[in-house]
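Single-structure report; data block below.
A note on names: the letters A, B, ... follow the listed sequences, proteins ahead of strands, and every chain is numbered from 1.
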Amino acid sequence: MHHAFKLEDQEYNLELSRAPAGYRLHLADAMLPVNLHLEDDGSAVLTVQGRSERVLVATRGDDVFIHLGGVAYQLRYEHPLQRLAAQSQGSAADHVRAPMPGSLVALHAKPGQAVARGETLLVMESMKMETTIAAPRDGVVEVVHFAVGQTFDRDALLLEMKNVD
Amino acid sequence: MNSIPHPEILRAARKRAANWPFRSVLIANRGEIAVRILRTVQSLGLEGVVVYHAADRKAPAVSVADRAIEITGTTPVAAYLDAKQILAAAKASGAGAIHPGYGFLSENAGFARAVADAGLSFVGPTPEQIELMGDKVRARAFVAKGGFPVAPSAIEDDDPATFAERALKLPFPLLIKPAAGGGGKGMRIVRDAAQLGGEIERARSEGQRYFGDGRLYVERYIENPRHIEVQVLGDAHGKVVHLFERECSVQRRFQKIVEETPSPALDAELRQRICETAAGIARSAGYRNAGTVEFIFGQGGEFYFLEMNTRLQVEHPVTEMITGKDLVLEQLRLAAGEPLGYAQEQVTSQGHAIEFRIYAEDPSRGYTPTTGPVLKLRAPEGAGIRVDSGIVEGQDVTAAFDPMLAKLIVGGKDRTEAIARADWALADYALLGCVTNTAFLRRLLNHQAFVDGQVHTGFLDEHPEIAAQPALDPATLHRLLAGAALVTRPMRDAADLVPDLHAAIGAWSN
């Protein structure tokens with residue numbers, strides 16, 4: 001199967017094909033008749049195995065948002081090529097990302113500075129609390145992407161490290 | 001639900017408002033509360049002016065206001081804290097009064113004074129009252145002096161040299177609080193005497209950073225307490241009434257999530273006692289305008305003064321629902337100098353109301369804030385349902401502001417009916433593009449302890465399963481994957497490219 005969606009950190013492979021009425025969804029363990037009918041009010045009627053219900057759907061880039069059964073979910077479409085590329089990428093330890101949205105309170109490392117694993121790189125603030133971000137490994141700080149006072153979203157790239165030569 | 005306030009009351013107030021000292025009100029706030037205040041201001045025939053930072057350009061308050069004036073700042077929050085710019089905007093727009101909402105400048109005595117010095121009406125208490133209640137240590141001392149109950153404590157200012165020593169003599173566990181604090185910032189629970197010194201230092205540095213004031217006090221920490229507060233209103237002629245209590249025990253990190261009234265913890269006698277204590281405290285301060293007296297309520301029914309908030313509260317709508325009073329209308333007419341005009345016995349309560357704060361946050365990740373675009377937004381409508389919202393489709397939820405997006409307020413003839421309505425309304429509230437806490441709120445309100453009214457401020461810590469992401473059942477997973485596949489262009493295109501064999505045969509065989 002070529003296509004996949006990511007939902008809550010799990011990846012699901014699947015395929016879609018035409019059926020006499022609507023489509024068929026091919027999953028690893030099942031094949032189901034499915035269809036989606038868009039309504040004028042922006043909602044949609046989703047039918048799976050003959051059971052229909054009203055849902056709300058929105059997309060943005062590869063993100064799909066669905067409100068179903070009183071709960072909002074987010075899925076991400078995984079492009080076949082990107083999935084291949086991701087498997088051969090380098091260590092994530094070179095990229096220090098924000099664990100949550102917030103703002104930068106203090107910076108303890110400058111580009112070019114050598115740091116040891118566990119050493120404080122920066123302090124961020126979120127939810128009225130301070131969180132210390134430590135170096136994931138020994139190395140040298142290559143780039144710092146934010147200045148004190150700036151705000152960022154979750155997963156924003158805060159700082160990049162490189163190996164000690 | 002009947003309209004609030006009663007149409008007759010609104011009509012009469014509208015008439016009188018023609019003679020108030022102000023005909024235009026500037027709202028120095030943003031989000032849902034700016035929209036909420038505008039609604040009453042405009043219903044009185046007054047002009048509603050808002051200030052806004054560019055990050056809020058698409059916010060509903062900006063489009064609802066009669067006038068919107070842009071303000072700037074080094075950060076979006078800094079703009080809303082800039083008293084000079086806000087006063088200049090009031091002057092430029094000809095506003096005669098400033099309503100500060102909650103947060104930002106609402107409890108800043110210097111701002112209230114500057115508003116008065118500029119010849120404008122401040123919709124709130126006097127600067128002196130804000131100062132008194134804003135200093136937690138002074139407020140406690142004032143309340144204790146009046147003969148009202150406060151928890152056993154050690155106050156640093158009494159004698160800084162012996163502070164830690166005096167704190168150690170109190171029964172553990174202890175709670176350290178910044179003297180200038182509020183909203184749970186810088187508060188620390190200490191269970192072990194050996195940790196007291198270190199925690200005092202940490203609390204001091206947080207207090208210094210948040211409030212520019214490192215002074216502290218320590219009080220006995222009441223285990224599994226409830227948080228019960230009482231709404232009060234006072235006029236310029238020394239008259240004070242209470243508008244009953246609100247129970248705000250469901251909290252995370254000292255921040256309220258769900259508030260309701262009446263409190264399930266109080267019987268008629270206790271309810272009257274706590275409400276009268278609050279009114280008594282406000283009366284002893286000669287309190288003007290709307291305020292809230294907060295109490296910590298122990299499992300044995302004992303209660304102690306916690307603090308007084310000298311502003312409109314986030315959770316004021318539940319009080320409006322059971323009393324039929326429009327609190328913003330009351331605030332405006334009191335600020336205009338009108339007398340209260342009714343006695344305590346004329347304030348009555350009917351039914352039950354619960355407020356749910358809809359936050360951009362992910363409870364399963366430690367309630368961390370979330371961000372994202374508001375791609376689709378659908379709010380529930382129906383009997384007993386009110387939504388106070390600060391967002392619209394097309395806006396972005398950013399980390400620049402507090403994560404509270406909207407409030408869902410649900411009323412019913414009793415608590416059971418309110419809970420049932422709330423369950424439906426939360427399921428119907430849909431926001432796509434940014435994770436919110438609505439599914440968590442449904443798990444919370446269906447939890448047996450909540451249904452039984454057996455909650456305390458540590459309830460969510462005690463029940464982490466409510467915040468955890470529930471496992472996805474296979475049927476829901478299939479439906480989600482089906483929906484996602486059907487709206488994803490590359491998948492649909494690939495399917496449509498290959499004509500189905502059965503579909504082709506089907507066309508010949510009917």
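For residues 464-472 of chain B, the interface with chain A (any heavy-atom pair closer than 4.5 Å) comprises B:Gln469, B:Leu472, sorted by residue number. Contacts between residues 31-38 of chain A and chain B, counted as heavy-atom pairs separated by less than 4.5 Å, involve A:Leu32, A:Val34, A:Asn35, A:Leu36.
Heavy-atom distances place both the backbone and the side chain of A:Leu56 under 4.5 Å from chain B. Interface remark: A:Gln150 contributes no atoms to any contact with chain B (heavy atom separation under 4.5 Å). Using a 4.5 Å cut-off between heavy atoms, B:Pro474 does not touch chain A at all. Interface residue B:Thr368: backbone and side-chain heavy atoms are both found under 4.5 Å from chain A. For a residue to count as touching a neighbouring chain, one of its non-hydrogen atoms must lie under 4.5 Å from one of that chain's; by this rule A:Val64 touches chain B with the side chain only. The contact between A:Leu16 and chain B is made by backbone and side chain atoms together, counting heavy-atom distances below 4.5 Å. Proximity to chain B is absent for every atom of A:Val55, based on heavy atoms less than 4.5 angstrom apart.
Of all the listed residues (B:Ala485, B:Ala439, B:Ala399), the one sharing the greatest number of non-hydrogen pairs under 4.5 Å with chain A is B:Ala485. Of the residues considered (B:Thr74, B:Leu480, B:Val487, B:Asp423), B:Leu480 shows the highest number of contacts with chain A, using heavy-atom pairs under 4.5 Å. Residue with the most contacts toward chain A among B:Asp428, B:Leu375, B:Leu426: B:Leu375 (heavy-atom pairs, distance under 4.5 Å).
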